[in-house]
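Numbers here are sequence positions counted from 1.
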Amino acid sequence: MTHIDYNNFILEKNRNFNEQNSILIETSSDDFRLGTHLVRKSKENLYVIYYYMENNFSTIYFQGFDIYIVYIELESIVMNILSKYDLIGKDYNIIDRPSFNLNEKTLKYNLEKIKEENIDKIADEFITFYKQNALPFFEKWKDLNVLYEYIKDKTEEELWDILGQFAPMKKAVILKLCNDSNYQEFMDSYFQKQKEYFDEDPEDIDNIRYYNASKELKQVLDNTKPIYNV
C-alpha cells in the first residue's frame, strides 16, 4: 500500500464520523509526501486538525495530529496585505496559516512506520484525539477575543513566539477588532518604525515591502470598525 492508499483507508474508515461532525477534508500529495487537513468551519474560524505522511524508500511514515485555529477575521486582513506586497506567496492558502502557536498538547507519532496491522489503530486514534484534545482546544480558543485577552499584555518577545513572523501586524489587527484603546498608539508606532527603516534605506526591497504593507494596514484598520467589546 502507498501513503495515498493508507490515507484513503483512514478517511474511509472515519467517513461517517467526519460527516456527522461536519468535518471537511483537504489533502495534497505527491509521490513522497501527503498532508491532510480536517477542518470544521464557522463564519469566523477554521478549526483544523492536520497530519502528515511520508513515503521514504517504500516505507511509509505517519506524523500526527496537530491542531490549530485560523481566525478568518484576522487572517483575511493580514494575509491579503502581505500577499499584495510579496511578503508571502501570491498562492498562499489561508488554511495553512495558524493564527497563533501555543505549546498545547498534540498527539505525535514522530514519523512512526505505518504497517497494515497498525493502520486501524491510527484511524481510531483520530476519533479519540478529536474528542479528547481537539474539541477542548477549539472551545478554549473559540474566538479572536479569547486570543486578544491572552496576548494584550505580552512582551514583544513573547508575541513573536505566539503570533509568529508578522506578530506586530497581527497584534494591530487584534487590538482594532477587539476595540482596545491602545490600538492607535500601537499602530502609529509600528507604522513610524517601518517608515524610519524605509527612510534610512529606500532602495532596500524589504524596507519597501514592509513600509508599503504597514501603510496600507494602517489605512485599512483606521477605517475598520471593532467587532468585539463594543
For [Y], is there any backbone N or O sitting under 3.5 Å from a side-chain donor or acceptor partner on [X]?
X: Glu216; Y: Ala213; result: no
X: Asp143; Y: Val146; result: yes
X: Asp5; Y: Thr2; result: yes
X: Asn179; Y: Asn229; result: yes
X: Asn55; Y: Ile60; result: no
X: Tyr130; Y: Asn18; result: no
X: Asn14; Y: Phe126; result: no
X: Asp30; Y: Arg33; result: yes
X: Lys176; Y: Tyr183; result: no
X: Ser76; Y: Ile72; result: yes

Does a donor on one side chain and an acceptor on the other come within less than 3.5 Å for [X] and [Y]?
X: Glu200; Y: Asn207; result: no
X: Gln184; Y: Asp188; result: yes
X: Tyr228; Y: Glu73; result: yes
X: Asp96; Y: His37; result: yes
X: Tyr197; Y: Asp204; result: no
X: Ser189; Y: Gln192; result: no

Count the heavy atoms of every other residue, nucleotide or ligand shown that sit under 6.0 Å from [atom1] of [X], and state whether that count exceeds 12.
X: Lys218; atom1: NZ; result: yes
X: Lys90; atom1: NZ; result: yes
X: Glu149; atom1: CD; result: yes

**Asked** In this structure, which one of Val70, Ile23, Ile69 forms a side chain to side chain contact (heavy atoms under 4.5 Å, CB included) with Tyr47?
**Response** Ile69
**Request:** Under the side-chain contact (heavy atoms from CB on, under 4.5 Å) rule, what do Leu24 and Arg40 come out as? Steps first, then yes or no, please.
**Result:** CA-CA 6 Å; Leu24 305 176; Arg40 285 183 60 197; over 6 Å; no
[X] side, atom [atom1]; [Y] side, atom [atom2] - distance, nearest 0.5 Å:
X: Asn133; Y: Asp66; atom1: CG; atom2: CG; result: 11.5 Å
X: Leu38; Y: Phe65; atom1: CG; atom2: CZ; result: 8.5 Å
X: Asn8; Y: His3; atom1: CG; atom2: NE2; result: 10.5 Å
X: Ile119; Y: Met1; atom1: CD1; atom2: CE; result: 6.5 Å
X: Phe186; Y: Ser181; atom1: CZ; atom2: OG; result: 13.5 Å

Does a side-chain heavy-atom distance below 4.5 Å link [X] with [Y]?
X: Phe191; Y: Tyr211; answer: yes
X: Arg97; Y: Tyr92; answer: yes
X: Asp222; Y: Thr224; answer: no
X: Ile162; Y: Asn101; answer: no
X: Trp141; Y: Asn45; answer: no
X: Tyr52; Y: Leu34; answer: no
X: Leu144; Y: Val173; answer: no
X: Asn7; Y: Thr27; answer: yes

Output yes when [X] and [Y] qualify as a salt bridge under the 4.0 Å nitrogen-oxygen rule, no when they do not.
X: Asp124; Y: Lys121; result: no
X: Lys152; Y: Asp180; result: no
X: Glu75; Y: Lys170; result: yes
X: Arg15; Y: Glu12; result: yes

Quick one: closest heavy-atom pair of [X] and [Y], and the distance?
X: Leu46; Y: Lys41; answer: CD2-CG, 3.4 Å
X: Met169; Y: Tyr210; answer: CE-CD2, 4.0 Å
X: Trp160; Y: Gln165; answer: CZ3-O, 2.9 Å
X: Lys131; Y: Phe17; answer: CE-CE1, 3.8 Å
X: Ala172; Y: Leu217; answer: CB-CD2, 4.4 Å
X: Tyr50; Y: Gly35; answer: OH-CA, 3.6 Å

**Request:** Would you check, one step at a time, whether the test side-chain contact (heavy atoms from CB on, under 4.5 Å) holds for Ile122 with Tyr6?
**Result:** CA-CA 10 Å; Ile122 292 173; Tyr6 280 122; over 6 Å; no
**Asked** Which is it for Glu26 and Thr36 under the side-chain contact (heavy atoms from CB on, under 4.5 Å) test, yes or no, and what are the steps along the way?
**Response** CA-CA 6 Å; Glu26 182 175 305; Thr36 297; over 6 Å; no
**Item:** Charged tip of Lys154 within 45° of Tyr150 ring normal and under 6.0 Å
**Value:** yes
**Request:** Report the C-alpha distance between Tyr85 and Ile81 in whole Å, list the side-chain angles of each, state the deciding distance to 0.1 Å, and finish with yes or no for side-chain contact (heavy atoms from CB on, under 4.5 Å).
**Result:** CA-CA 6 Å; Tyr85 293 104; Ile81 292 174; 4.0 Å; yes
